Amino acid sequence: MAGRTSMKPGWNLLVGLYPFGAGAMGVNLFFASLIGSWLGWPVLTPWQSAAGGLVIGLPATYAFACHIVRLMKQAEDP
């Protein structure tokens, strides 16, 4: 990995993507709890799912922003 530049996303990109990442994670968490109810697990309320989405949306947004930065770098290279 010698010679590779750091591809960390900037704060503007992270802040811009976070609402979408948190919302997506909240919806995924809610539907996962519905599937988990088939196994006898409790179903999360929409409020619990939204709160969980705010938490697990952080690493998901960071991972997606890194992917976006990698794609932008790939598009710039000849």
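Note that the structure is predicted; figures quoted are calculated from it, not measured.
In the hydrophobic clustering of ILVMFWY residues, with side-chain heavy atoms under 4.5 Å counting as a link, I56 and Y62 come out apart.
Here A22 pairs with Y18, L54 under the side chain to side chain contact (heavy atoms under 4.5 Å, CB included) rule; sequence neighbours left out. In this structure, the side chain to side chain contact (heavy atoms under 4.5 Å, CB included) partners of T45, at least two apart in sequence or on a different chain, are W47, Q48.
Note that NE2 of H67 is 11.5 Å distant from CG of L17, once rounded to the nearest 0.5 Å.
Heavy atoms only, all atoms of each residue included: L14 and P9 are closest at CD2-CG, 4.0 Å.
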Residues 23-35, side-chain donor-acceptor partners within the protein, below 3.5 Å, at least two apart:
| from | atom 1 | to | atom 2 | distance (Å) |
| --- | --- | --- | --- | --- |
| N28 | ND2 | A24 | O | 3.3 |
| S33 | OG | F30 | O | 2.7 |
| S33 | OG | L44 | N | 3.3 |

